[in-house]
Enquirer: 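Here's a structure for you.
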There are 2 protein chains.
Amino acid sequence: MKTQLRTIKGILKEQIAGGIYTSQRKLPSERELSELFKTTRITLKEALIALETEGLIYREERRGWFVSPPRLRYNPLSRSHFHRMVEEQQRQASTQVLTVKTELASSEISKVLQLKTLQPIHRIQRLRSVDNRVVLFVENCLISALFPDLLHHDLSQSLTALYKKHYGFETARSRFDVIPTAAPEQVAKALNLAEGQQVLKICRVNYNQQGVVMDCEYEYWRPDAMMIEIESISPHSNACEP
Amino acid sequence: MKTQLRTIKGILKEQIAGGIYTSQRKLPSERELSELFKTTRITLKEALIALETEGLIYREERRGWFVSPPRLRYNPLSRSHFHRMVEEQQRQASTQVLTVKTELASSEISKVLQLKTLQPIHRIQRLRSVDNRVVLFVENCLISALFPDLLHHDLSQSLTALYKKHYGFETARSRFDVIPTAAPEQVAKALNLAEGQQVLKICRVNYNQQGVVMDCEYEYWRPDAMMIEIESISPHSNACEP
DNA sequence: CATCCTTTCTGGACTAGGTCAGTTTTGATG
DNA sequence: CATCAAAACTGACCTAGTCCAGAAAGGATG
């Protein structure tokens, strides 16, 4: 510990680990802290940002800095849906539908969905929370033709469950990409992040039992709110026996 | 585009996309850019950091800012090793051994490796580059008893290949966690990052054909250098047929 | 008791500098 | 032509503020 920055980070870390801020989970304001540590707001802010990157604290725009709850464990390979996954970890889940649109697929989406003709798609944007903290912005793009009347159902539940119940579709195979990047404007606003802040982007494409692309999904996670957990089963193992 | 920050980000983005800095891949210095944009170094630096978070540029400590090459696609489930994976993507890979130690397992490592007694482990720290750019710090911890004389081999190659060739062990199953976090001091130094900068941490545990834990691995990736790409095969599919 | 308005508090955005520690370049010297 | 030291350059780290917009709390009013 040589620089001021390191010292401040170290002290704050220790205080957070010690549970000093557990009552409200809220840290003192930047101004207060900078006076406490006898430094400028800029230096102090850098320390906070470093702890944010580490996943120990998070901020809400113009509301303050808070201690991060434990990370949610997320297995994108499991077919368990969001609400069940969260509840299995003794946490409370909620979903809020933001916008629902039906429009012609953009060239990018057409490519991902392997569309050969210009087709309308449903675009569903939702916001998901764990213990009342918004952690995930998710957009689903699905081929309208495959899902007639989809928009008349309750979209705050699991879409995967809807696919199965009303259309007989199951996700047989999926591929996904995980990309550390910055939050686009709309996502930042919805997740209560400052623009340009770090998020974990997950793009997935789901295939049904017939091997046909059903939908694609863009997930944007608050990076401190989760960790990905994957258990592989190699072709050399006995995974295929009943 | 309202704030200065956004304007600067927009212009820089366009210039990077336009390939203006392709000759050297190096951006002008912070001081130069701040004069060009008629702003202070702090504001300009914030713009650079936002682009860094997005994965468009990266910095090397006290060397400057550079345009990021395309992301490496990385599938942690594939049993392909680093060098092969990189070469399959028409890039050039290299590995440098940093330190090799044999010591008693810490309590954390003991837990991960499911050790019941106090045992010595080998700790191998390596640095991996793509096209001469350091992108990955990786530490392998393996049970010494399982791998006699391991340290006498060339450790700059694939360890998985070594396990197979000299010990007959194959990775039958593995589990891994992906965690967005900040670079610890040692890692930051090795990867040429400022301390506290963002990295993608991947912890994996490998099991051999007998279902015994072989080793665990801690990977720290420069976040702009890669994306994770996973293709799932669900139990409902026909994946097990030859 | 609800509603609206004002005040206070918060982080976001910005200015205008400075010092310090590594990196790179350059130029003198053998 | 190689070597080494000095100079120039780079981002890291730091000070000391200002102004702004959105969030929250308090109080007055119906």
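Below, chains carry the letters A, B, ... as their sequence lines are ordered, and counting in each starts from 1.
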Enquirer: Answer yes if the side chains of S158(A) and H83(A) hold a donor-acceptor pair under 3.5 Å, and no otherwise.
Expert: no
Enquirer: Over the length of the helix from dC1(C)-dG30(D) to dG30(C)-dC1(D), how much do the five-pair end axes diverge, rounded to 10 degrees?
Expert: 10°
Enquirer: Indicate yes or no for a side-chain donor-acceptor contact from R126(A) to the backbone of L136(A) under 3.5 Å, with no hydrogens or angles considered.
Expert: no
Enquirer: Which of these passes side-chain hydrogen bond (donor to acceptor under 3.5 Å, both in side chains) with Y74(A): Q89(A), E219(A), E229(A)?
Expert: E219(A)
Enquirer: I need a per-nucleotide contact map over nucleotides 10-22 of chain D, read 5' to 3'. Cutoff is protein heavy atoms under 4.0 Å; write B for the base, S for backbone only, - otherwise.
Expert: BBB-BBB----BS
Enquirer: Indicate whether the side chain of Y163(B) and that of D215(B) have a donor and an acceptor atom separated by less than 3.5 Å.
Expert: yes
Enquirer: So if I take residues 128-137 of chain A and measure heavy-atom distances to DNA chain D, which residues fall below 4.0 Å?
Expert: none
Enquirer: Please find the earliest and latest nucleotides of DNA chain C, in the 5' to 3' direction, that have an atom within less than 4.0 Å of any heavy atom of chain A.
Expert: dT10(C) to dT15(C)
Enquirer: Looking at P180(B) and Q198(A), what are the two nearest heavy atoms and their distance?
Expert: CB-OE1, 3.8 Å
Enquirer: Compare every heavy atom of R133(B) with every heavy atom of A225(B), then report the nearest pair and how far apart it is.
Expert: CB-NH1, 4.0 Å
Enquirer: Would you mind writing out the side-chain donor-acceptor pairs for residues 100-107 of chain A within the sub-3.5 Å range, not counting sequence neighbours?
Expert:
from    : atom 1 : to      : atom 2 : distance (Å)
T102(A) : OG1    : H122(A) : ND1    : 3.0
E103(A) : OE2    : R123(A) : NH1    : 2.7
S106(A) : OG     : I109(A) : N      : 3.3

Enquirer: Minimum heavy-atom separation for S68(A) and R25(A), please, with both atom names.
Expert: O-NH2, 3.3 Å
Enquirer: Grab the two heavy atoms, one from P120(B) and one from S144(B), that are nearest each other, plus how far apart they are.
Expert: O-OG, 3.0 Å
Enquirer: Where is the tightest heavy-atom contact between M226(A) and R71(A), given as atom of each residue plus distance?
Expert: O-NH1, 3.0 Å
Enquirer: For S110(A), enumerate each residue passing the side chain to side chain donor-acceptor pair (under 3.5 Å) test, keeping only those at least two apart in sequence or located in another chain.
Expert: none
Enquirer: N140(A) and E217(A): side-chain donor and acceptor closer than 3.5 Å?
Expert: yes
